[in-house]
Novice: 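Structure below; questions to follow.
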Amino acid sequence: MELEAQGNPAMNKVFLILSCILLSIGNCGGPLIMRLYFIHGGKRVWFSSWLETGGWPIILFPLIITYLNRRAKQGTTTKLFFMKPPLLIASAVIGIITGLDDYLYAYGVARLPVSTSSLIIASQLAFTAAFAFLLVKQKFTSYSINAVVLLTIGAGVLALHTSNDRPNGESNKEYFAGFFMTLGASALYGFVLPLVELTYKKAKQAITYSLVMEIQMVMSLFATLFCTIGMLINKDFQAIPREARAFELGETKYYVVIVWSAIIWQCFFMGAVGIIFCASSLLSGIVIAVLLPVTEILAVIFFREKFQAEKGVALALSLWGFVSYFYGEIKDDKKKKQILIKTQVPQDIPNP
């Protein structure tokens, strides 16, 4: 479990695949279960944002396992945590920003169908790309630029003719507030991903997967504290028992929904930071966007949401952007391999 950032390539692939699986579960399941809460009687936006990171104690279990494994090998002098104060402070700041992002996103999901909010979140890739360029000097190709442009245009298409998409009984003001709140969440998380990558690069200590879990735990803890303040001000804690009794699916299922919501969202965040650890923030943003069609289909199946022409155009542009990016990555990888083969110096030179 103590994989370093520049460590074993085989192990790096294992962690990358694991992170992609976790991100897939969280990215597809998180919006659906959050929307399930709202459409069946849930009304607490701060509580929903709290649930996005409130499952952070789950991370303690793998951390305890890795600690016991180290202790068995190294003895009683083994450190419980690797994180040093500067990294702790950086993680706390990112956590507070994440808490704000959680609120913006939860507000949007409360007002918009999942299929619409998911397509708006696709614009997050453009913000991730821009901030990755500014913060971590991310290099771009014509293919990656094309992908970012297409995804941004696809999200912009949703702003046109949106009246037919508005849920019953919701005013124009509420709908557009949800739209722009979701767009704000997209921009803010597009900033968070490169910021996490920058934190990895600037950390004056070796970044292992155990340390990545510690960073995510601290980020989630401070995001949860931020949302807890909002819940206290809004008196959400007192309202939870009443809301549970009035929940359309029943009181027991209400608590099942909120518990699984916390677990699934934690999968999302662990997957996102894991991909940044194994690759880059841009790839993390790409994977989030790639999962868009799956979330779209699931929302239409489970919630019978409408799928108008505008969403179809946006989805087609998004898929085109995905194909463009990955085609560019494949070509770039082949080019690098050819250059490596040409420049490689033979290790064993025969004696004359």
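In what follows, every heavy atom counts, from backbone to side chain, and hydrogens, waters and symmetry copies are set aside.
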Novice: Going by heavy atoms in the side chains, are Phe237 and Thr228 under 4.5 Å from each other?
Specialist: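 In contact.
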Novice: Run the side chain to side chain contact (heavy atoms under 4.5 Å, CB included) check on Leu298 and Cys28 step by step: do they pass?
Specialist: CA-CA 8 Å; Leu298 291 173; Cys28 296; 4.2 Å; yes
Novice: Within the structure provided, determine whether Ile21 and Ile17 are in side-chain contact (heavy-atom separation under 4.5 Å).
Specialist: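 Ile21 reaches Ile17 side chain to side chain.
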Novice: What class does the angle between the rings of Phe15 and Phe277 fall in, given that below 30° is parallel, 30 to 60° is tilted and above 60° is perpendicular?
Specialist: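 Rings of Phe15 and Phe277: perpendicular, over 60°.
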Novice: Does any N or O in the side chain of Glu214 come within less than 3.5 Å of the main-chain N or O of Phe82, such that one atom is a donor and the other an acceptor?
Specialist: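 Checking the backbone N and O of Phe82 against the side chain of Glu214, a donor-acceptor pair under 3.5 Å is found.
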Novice: State, to 0.1 Å, how close Arg35 and Ala110 come at their nearest heavy-atom pair, and which atoms those are.
Specialist: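 Shortest heavy-atom separation between Arg35 and Ala110 comes out as NH1-O, 3.3 Å.
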Novice: Partners of Asp236 by side chain to side chain donor-acceptor pair (under 3.5 Å), sequence neighbours excluded?
Specialist: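 Only Arg44, Asn234 meet the side chain to side chain donor-acceptor pair (under 3.5 Å) criterion with Asp236.
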Novice: Excluding sequence neighbours, so at least two apart, what forms ring pair (Phe, Tyr, Trp, His ring centres under 6.0 Å) with Trp50?
Specialist: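 Trp50 satisfies ring pair (Phe, Tyr, Trp, His ring centres under 6.0 Å) with no other residue.
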Novice: Does Ile275 belong to the same Ile/Leu/Val/Met/Phe/Trp/Tyr cluster as Val294, with side-chain heavy atoms less than 4.5 Å apart forming each link?
Specialist: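 In one cluster: yes.
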Novice: Phe268: which residues meet the ring pair (Phe, Tyr, Trp, His ring centres under 6.0 Å) condition with it, sequence neighbours left out?
Specialist: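 Partners of Phe268 under the ring pair (Phe, Tyr, Trp, His ring centres under 6.0 Å) test: Tyr189, Trp265.
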Novice: Please answer: with hydrophobic residues joined when any side-chain heavy atoms are less than 4.5 Å apart, are Val114 and Phe302 in the same cluster?
Specialist: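 Val114 and Phe302: one cluster.
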Novice: Would you check if Leu195 and Phe131 make a side-chain contact, meaning some heavy-atom pair closer than 4.5 Å?
Specialist: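 They are not in contact (no side-chain heavy atoms under 4.5 Å apart), so the answer is no.
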Novice: Identify whether Ile58 and Tyr255 are in the same connected component of the hydrophobic contact network (ILVMFWY, side-chain heavy atoms under 4.5 Å).
Specialist: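 Yes: a chain of side-chain contacts under 4.5 Å links Ile58 to Tyr255.
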Novice: Of all the heavy-atom pairs spanning Thr53 and Ala223, show the shortest one and how long it is.
Specialist: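 Shortest heavy-atom separation between Thr53 and Ala223 comes out as OG1-CB, 3.6 Å.
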Novice: Can you check side chain to side chain contact (heavy atoms under 4.5 Å, CB included) on Arg111 and Phe179, steps first, answer last?
Specialist: CA-CA 8 Å; Arg111 301 291 186 271; Phe179 185 95; over 6 Å; no
Novice: With a 4.5 Å heavy-atom cut-off, do Tyr200 and Ile215 have their side chains touching?
Specialist: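 Answer yes - side chains close enough.
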Novice: Can you name the closest pair of heavy atoms from Leu193 and Ala272 and give their distance?
Specialist: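 Nearest heavy atoms, Leu193 then Ala272: CD2-CB, 4.2 Å.
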Novice: Can you tell me how far CG of Leu68 sits from CD1 of Ile64, rounded to the nearest 0.5 angstrom?
Specialist: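 Reported value, rounded in 0.5 Å steps: 7.5 Å.
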Novice: Under a 3.5 Å distance rule, please check whether Ser261 uses its side chain to pair with a backbone N or O of Val257 as donor and acceptor.
Specialist: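 Between the backbone of Val257 and the side chain of Ser261 there is no qualifying donor-acceptor contact (under 3.5 Å).
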Novice: A side-chain contact here means heavy atoms from C-beta on lying under 4.5 Å apart; do Lys204 and Lys84 qualify?
Specialist: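 SC-SC contact between Lys204 and Lys84 ruled out.
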Novice: Is the closest side-chain heavy-atom distance between Tyr105 and Ile121 below 4.5 Å?
Specialist: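 In contact.
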Novice: Run the side chain to side chain contact (heavy atoms under 4.5 Å, CB included) test on Thr98 and Phe269 for me, step by step, so that the C-alpha distance in whole Å, both residues' side-chain angles and the decisive distance to 0.1 Å come before the verdict.
Specialist: CA-CA 10 Å; Thr98 302; Phe269 286 109; 3.9 Å; yes
Novice: Can you hop from Phe61 to Met217 via hydrophobic side chains spaced under 4.5 Å?
Specialist: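 Per the 4.5 Å side-chain linkage, Phe61 and Met217 are not co-clustered.
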Novice: Between Phe222 and Ile94, is there a side-chain heavy-atom distance shorter than 4.5 Å?
Specialist: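 SC-SC contact between Ile94 and Phe222 ruled out.
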Novice: Using modelled atom types and a 3.5 Å cut-off, is there a donor and acceptor pairing between side-chain atoms of Ser186 and backbone atoms of Thr182?
Specialist: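 Side chain of Ser186 to backbone of Thr182, a donor-acceptor pair under 3.5 Å: no, none is there.
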Novice: Going hydrophobic residue to hydrophobic residue with side-chain gaps under 4.5 angstrom, can you get from Ile229 over to Ile240?
Specialist: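 Cluster IDs for Ile229 and Ile240 differ.
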Novice: Indicate yes or no: at least one non-hydrogen side-chain atom of Tyr209 is less than 4.5 angstrom from one of Ser19.
Specialist: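 Sidechains of Ser19 and Tyr209: in contact.
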Novice: How far does CH2 of Trp46 sit from CE of Met231, to the nearest 0.5 angstrom?
Specialist: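 Those atoms lie 10.5 Å apart.
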Novice: Please walk me through it: do Tyr37 and Glu243 pass side chain to side chain contact (heavy atoms under 4.5 Å, CB included)?
Specialist: CA-CA 11 Å; Tyr37 164 80; Glu243 192 173 73; 2.5 Å; yes
